[in-house]
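Below is one structure, written out as structure tokens; comments come after it.
FYI, the numbering just counts along the sequence from 1.
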Amino acid sequence: MKNHKGFSLVELIIVIVVIGILSSMFMLSSSESLSNASANNIITNLRNFSMAAMAYYTDNIDTFGKTPNKTISLSDVTPYMHNEGNVPDKDNYIVKNSSGTWWAGYSVAGIADGPKVRGKLQAHAEEYGLRGSGNDTPPAKGVTAYYKSTDKYVWIQIRSSRN
């Protein structure tokens with residue numbers, strides 16, 4: 001009887017099939033993880049912009065006392081961030097004043113893997129107080145409806161006037 005070195009064709013095919021099954025399972029789980037990470041990144045950046053806007057407000061409180069509906073720009077806020085606003089998709093973020101209420105917003109219209117990320121944002125909406133709108137106008141004062149995956153913008157309230 002001869003001793004053969006190497007693998008038989010059947011053994012090789014079985015190994016390839018097992019590797020294919022394992023890699024497809026990994027691909028499915030990594031896709032879900034990437035969507036969750038993207039949604040968490042958006043929420044974290046919105047919260048960072050919120051804190052930076054409050055720091056800006058605190059430093060300029062005299063100006064805001066004279067003009068309560070003063071609008072701040074993103075460039076005003078970014079120097080107050082720990083990374084000075086070095087956010088990869090910074091152009092998708094906006095800070096707006098709507099009737100004395102400040103909002104930090106993010107355009108979810110063009111994000112990669114949009115439906116999954118929007119679904120994750122909707123799942124976290126109540127927990128983080130995320131609101132939604134169909135355009136770049138923040139929600140009206142007193143709106144309690146949370147972000148829905150069909151909304152084009154996700155908003156988080158920064159500050160509200162006492163009026």
Side-chain angles (χ1 to χ4, degrees), residues 24-163:
S24 66
M25 288 172 45
F26 174 74
M27 294 288 276
L28 290 173
S29 67
S30 68
S31 170
E32 188 72 20
S33 297
L34 288 174
S35 299
N36 213 7
S38 294
N40 287 336
N41 190 34
I42 291 168
I43 293 169
T44 300
N45 286 335
L46 284 172
R47 293 176 79 187
N48 284 340
F49 279 113
S50 299
M51 288 185 277
M54 286 306 297
Y56 174 78
Y57 172 79
T58 302
D59 280 355
N60 297 285
I61 198 160
D62 292 336
T63 305
F64 286 99
K66 296 172 187 164
T67 54
N69 287 330
K70 177 180 175 11
T71 299
I72 58 173
S73 69
L74 201 54
S75 60
D76 291 334
V77 172
T78 52
Y80 289 86
M81 296 179 71
H82 71 281
N83 58 359
E84 294 197 15
N86 189 14
V87 178
D89 56 348
K90 182 169 57 175
D91 295 338
N92 289 340
Y93 290 92
I94 54 177
V95 176
K96 287 217 170 177
N97 182 348
S98 175
S99 303
T101 302
W102 289 4
W103 297 89
Y106 181 80
S107 170
V108 293
I111 57 175
D113 204 12
K116 286 184 180 180
V117 175
R118 289 181 185 149
K120 299 291 181 186
L121 286 170
Q122 183 173 348
H124 294 300
E126 191 171 351
E127 180 181 358
Y128 293 108
L130 304 175
R131 303 293 195 267
S133 70
N135 55 32
D136 66 350
T137 304
K141 194 170 191 170
V143 168
T144 56
Y146 291 107
Y147 173 80
K148 298 179 298 301
S149 61
T150 54
D151 291 329
K152 294 180 181 168
Y153 279 80
V154 59
W155 299 92
I156 190 167
Q157 184 176 331
I158 298 172
R159 173 184 185 281
S160 181
S161 65
R162 295 182 190 178
N163 298 341

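- Each of Trp102, Tyr93, Trp103 was evaluated against Phe49; a single residue qualifies, Tyr93, per the ring pair (Phe, Tyr, Trp, His ring centres under 6.0 Å) test.
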Would you sort out whether Ile94 and Tyr106 count as a side-chain contact (heavy atoms from CB on, under 4.5 Å), showing the intermediate values? CA-CA 6 Å; Ile94 54 177; Tyr106 181 80; over 6 Å; no
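- In terms of heavy atoms, Ser35 sits closest to Lys116 at OG-CB, 3.3 Å.
- Two residues are said to be in side-chain contact when any heavy atoms from C-beta on lie closer than 4.5 Å; Leu121 and Ile43 meet this criterion.
- Counting all heavy atoms, side chain and backbone alike, Val117 lies closest to Ser38 at CG2-CB, 3.8 Å.
- Legend: salt bridge (Lys or Arg N to Asp or Glu O under 4.0 Å) pairs involving residues 36-60, not counting sequence neighbours: none detected.
- Separation of atoms CG (Asn36) and CG (Asn41) is listed at 11.5 Å; rounding is to 0.5 Å.
- Annotation for Gln122 and Ser149: closest pair OE1-N, 2.9 Å, computed over non-hydrogen atoms.
- Ala52 meets the side chain to side chain contact (heavy atoms under 4.5 Å, CB included) test with Val77, Tyr80, Met81; sequence neighbours excluded.
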Hey, mind stepping through His124 and Tyr147 against side-chain contact (heavy atoms from CB on, under 4.5 Å) and telling me if it holds? CA-CA 9 Å; His124 294 300; Tyr147 173 80; over 6 Å; no
Name the atoms and distances for all side-chain donor-acceptor pairs under 3.5 Å in residues 126-137, with sequence neighbours left out.
from: Arg131; atom 1: NE; to: Val143; atom 2: O; distance (Å): 3.1
from: Arg131; atom 1: NH1; to: Gly129; atom 2: O; distance (Å): 3.4
from: Ser133; atom 1: OG; to: Asn135; atom 2: O; distance (Å): 2.7
from: Ser133; atom 1: OG; to: Thr137; atom 2: O; distance (Å): 3.1
from: Ser133; atom 1: OG; to: Trp155; atom 2: NE1; distance (Å): 2.8
from: Asn135; atom 1: OD1; to: Thr137; atom 2: N; distance (Å): 2.9
from: Asn135; atom 1: OD1; to: Thr137; atom 2: OG1; distance (Å): 3.3

